[in-house]
Amino acid sequence: MLKQNGYAQYQNSKIMTASPAELTLMLYDGAIKFGNIAIAAMNEKDPAKAHEYIVKVESIIQNFRLTLDKKYPVWQEFENIYTYLLRRCHECNVAKDPEIMEEILTHLRSMRDNWKEVMKAAVADTSNPAAQSRVVSKRSGNRA
């Protein structure tokens, strides 16, 4: 019990101190983890458990969809991807077909890996002195 409580506190602390970018990465990782559990449940012929974890994947994808920032032109492309993935989750849940979830996970892994690259690029950009001076100049209203 104490061990579980300590782990829960650690996880809560990890979430509470994470940046928005890190939270997004955690959500991708969570969706992938839940999708893998759903596949295992389908292979074990446990439809109730498969349903539970497919719904968790759907919830994360729906969260991504609902939090799209529409001020960026690329939002519509992400909307289309998330809508497609949600439709495939529904199909997977009805058919209890692990191949459908494998397809969903392929897309989620690709998106997660791209997100990691974006995070790395952002860190590299902020560690670049020239980039930092552009950020400071933009904040002060000057052009660099």
#### Entry: Stepwise side-chain contact (heavy atoms from CB on, under 4.5 Å) check, Tyr28 with Ile60
CA-CA 8 Å; Tyr28 277 120; Ile60 292 171; over 6 Å; no
Check [X] against [Y] and note the closest heavy-atom contact, atom names and distance.
X: Met111; Y: Tyr82; result: CE-CE2, 3.4 Å
X: Cys89; Y: Glu58; result: CB-CG, 3.3 Å
X: Ala31; Y: Leu105; result: O-CD2, 4.1 Å
X: Ala41; Y: Ala50; result: CB-N, 3.5 Å
X: Cys92; Y: Met42; result: SG-CE, 3.7 Å
X: Ala18; Y: Glu22; result: CA-OE1, 3.3 Å

### Task
Output, in order, the C-alpha distance, side-chain angles, deciding distance and verdict of side-chain contact (heavy atoms from CB on, under 4.5 Å) for Ile37 and Lys49.
CA-CA 8 Å; Ile37 293 170; Lys49 185 175 180 182; 3.8 Å; yes
Supply the atom-to-atom distance [X] [atom1] to [Y] [atom2], rounded to the nearest 0.5 angstrom.
X: Thr67; Y: Leu23; atom1: OG1; atom2: CG; value: 11.0 Å
X: Glu99; Y: Ile39; atom1: CD; atom2: CD1; value: 10.0 Å
X: Ile61; Y: Lys56; atom1: CD1; atom2: NZ; value: 14.5 Å
X: Arg88; Y: Ile100; atom1: CZ; atom2: CD1; value: 4.5 Å
X: Arg65; Y: Thr83; atom1: CZ; atom2: OG1; value: 4.5 Å

### Message
Is the distance between the ring centroids of Phe64 and Phe78 under 6.0 Å?
### Response
no
### Task
Report the C-alpha distance between Leu108 and Val57 in whole Å, list the side-chain angles of each, state the deciding distance to 0.1 Å, and finish with yes or no for side-chain contact (heavy atoms from CB on, under 4.5 Å).
CA-CA 10 Å; Leu108 289 173; Val57 174; 4.2 Å; yes
### Message
Determine whether a donor-acceptor pair (N or O, by modelled atom type, separation under 3.5 Å) exists between the side chain of Ser110 and the backbone of Thr106.
### Response
no
### Query
So does Glu102 have more than 12 non-hydrogen atoms from other groups sitting under 6.0 Å from CD?
yes
According to a 4.5 Å side-chain heavy-atom criterion applied to Ile, Leu, Val, Met, Phe, Trp and Tyr, with indirect links allowed, do [X] and [Y] form part of one hydrophobic cluster?
X: Ile104; Y: Tyr84; answer: yes
X: Leu66; Y: Trp75; answer: no
X: Tyr53; Y: Met26; answer: no

### Task
Determine, stepwise, if the pair Ile54 / Met101 fulfils side-chain contact (heavy atoms from CB on, under 4.5 Å).
CA-CA 8 Å; Ile54 293 167; Met101 184 53 70; 3.8 Å; yes
### Query
Is any side-chain heavy atom of Lys96 less than 4.5 Å from a side-chain heavy atom of Lys45?
no
### Query
According to the side-chain hydrogen bond (donor to acceptor under 3.5 Å, both in side chains) rule, which pairs have a member within residues 112-124, sequence neighbours left out?
Asp29-Arg112
